[in-house]
Number of protein chains: 2
Amino acid sequence: MLSTMTTEQATGRDRSSRTRERLLDAAVEAFAASGFAGTTTRDIASRAGMSPAAVYVHHATKEDLLFEISRRGHHASLEVLQTAFDAEPDPLARIRAMVGAFSRWHAETSRVGRIVQYELNALTPEHRAEIAETRRTMERLVQRTLEDGIAAGTMRIPDVKGTALALLSLSIDLVRWYRPGGPITPDGLAELHGELAVRMVAA
Amino acid sequence: MLSTMTTEQATGRDRSSRTRERLLDAAVEAFAASGFAGTTTRDIASRAGMSPAAVYVHHATKEDLLFEISRRGHHASLEVLQTAFDAEPDPLARIRAMVGAFSRWHAETSRVGRIVQYELNALTPEHRAEIAETRRTMERLVQRTLEDGIAAGTMRIPDVKGTALALLSLSIDLVRWYRPGGPITPDGLAELHGELAVRMVAA
DNA sequence: GTCTATATGGGGATAGAC
DNA sequence: GTCTATCCCCATATAGAC
């Protein structure tokens, strides 16, 4: 299919695709700075260097922009967590890797992270339900690691579900205060939070 | 002054004061549910059982309502933290008490807590600056406790500022997911988070 | 696909009667 | 102090020319 595409079609599609991405980037900046409800489509359009009407050629509604950003962000952060899970077989090393990687992602992608974590209520019920699936998968990944650590005898945990939430809080809450370019780096946060996570659960 | 007030004046003032509080309560519900930008003054008024115009008799602007809620919430949560600080002289016991009490407050007062933690950007620069003072005081209280624990030899901490932020994250982030009436109770969170906090910092 | 212009609705805040 | 009515502005989204 792709190979039968004429040069003209390819160019037109690439240009359109790039514009779509440019609008998504502009929406990320705007939503992260002002929140979904506090952002106007005019703001998004002007950040992308376009007229307000041009937004609707590429995205049906403002909420569609949010959903696309949230969907991609959730999938990316789940992949980060899954990759760390797969990389370390030992439960203690695994929880250090998972929390470290999750914090690094939230710092490196803090604007998307803020939207992912704070704008679930702005989604339509259908979109929110779809996203909720991904979030449950992430929580289960952490809970399973804690249960494995207890079974192995290297972890001692008062409350698995509550502790899993607390571990995720370390990473998630940094989008509230983290500012890129400051003295605190994504790698520094990854190391610190990985260490604190191990201390929280170690036997 | 109070003693010279006539009964009529006292009644009038009490009634006005109660209406003022009723509007603040309505605004707490609305802001916590929809965010500051997503809340209309009509929504606040109808939750308080009044017309939109009545709001402005008691509060100059929508932002004034937010500021009053945020100011009171910050003062209350600082007092909670300070009380725990004062109650326990030993650094380890103190950090358990502080984090536990801070989590309990955020769970018991989760609607106000959500506004306190998430709506700083909606304040005017002047109001935000005033609030920031209180927030710095809270962070310093935690940092000082960690430094005391290190000096006493009962704590071992990779990064005092970063760990202080992480400890506060345990309590603060619960306003994102906590729902009153569920299986998780404020007391349960206080105990769990107090324990996890001690583990994070103990030598 | 982009623009200008606009339809349509709702927002914060105020005026003025009671 | 409360109401109804309204000012005035700005929001999302669309129409139609180019």
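All chains are named by letter (A, B, ...) in the order of the sequence lines, taking the proteins before the strands, and each is independently numbered beginning at 1.
- Salt-bridge check for B:E195 with B:R199: passed, with a basic side-chain N closer than 4.0 Å to an acidic carboxylate O.
- Checking C:dG1, D:dT4, C:dC3 against every side-chain atom of B:S51, the shortest atom distance belongs to D:dT4.
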Q: For salt bridge (charged side-chain N to carboxylate O under 4.0 Å, His left out), just list the numbers for B:E21 and B:R18, CA-CA rounded to whole Å, side-chain angles, deciding distance to a tenth of an Å, and then say yes or no.
A: CA-CA 5 Å; B:E21 297 302 315; B:R18 272 199 308 273; over 6 Å; no
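- Checked for salt-bridge contact, A:E147 and A:R144 miss the test: no charged N lies under 4.0 Å from a carboxylate O.
- Rounded to a whole Å, the CD atom of B:E63 is 15 Å from the C1' atom of C:dA13.
- Heavy atoms of A:A53 sit under 4.0 angstrom from at least one base atom.
- Within the 4.0 angstrom heavy-atom criterion, only backbone atoms of the sugar-phosphate kind lie near B:T40; the bases stay farther away.
- Taking only side-chain nitrogens and oxygens, B:T41 comes nearer than 4.0 Å to OP1 or OP2 of C:dG12.
- As a whole-Å value, the separation of B:R42 CZ from D:dT6 P is 13 Å.
- Separating the CZ atom of A:F36 from the C1' atom of D:dA11 is a distance of 12 Å, rounded to the nearest angstrom.
- Looking at the side chain of A:H58, the nearest of the listed nucleotides C:dT2, D:dA13, C:dA5 is C:dT2.
- Not one side-chain nitrogen or oxygen of B:S16 sits closer than 4.0 Å to the OP1 or OP2 atom of D:dT2.
- Remark: B:H59 is not in phosphate contact with C:dA13, judged by side-chain N or O atoms under 4.0 Å from OP1 or OP2.
- Rounded to a whole Å, the CG atom of B:D43 is 15 Å from the P atom of C:dA13.
- Of the candidate nucleotides C:dG11, C:dT2, D:dC3, C:dT2 has the atom lying nearest to any side-chain atom of A:M50.
- Between A:Q117 and A:D173, every side-chain heavy-atom pair lies at or beyond the 4.5 Å cut-off.
- Distance from the side chain of A:T19 is smallest to C:dT2 among D:dA15, C:dT2, D:dC3.
- With rounding to whole Å, B:D64 atom CG is found 16 Å from C:dT14 atom C1'.
- Rounded to an integer number of Å, the gap from B:Y56 OH to C:dA13 P is 4 Å.
- Atom CZ of A:R20 is separated from atom C1' of C:dG1 by 15 Å (rounded to the nearest Å).
- For the pair B:K62 NZ and D:dC10 C1', the interatomic distance rounds to 13 Å; values are reported in whole Å.
- A salt bridge between B:R111 and B:E29 is present, with a side-chain N of the basic residue lying under 4.0 Å from a carboxylate O of the acidic one.
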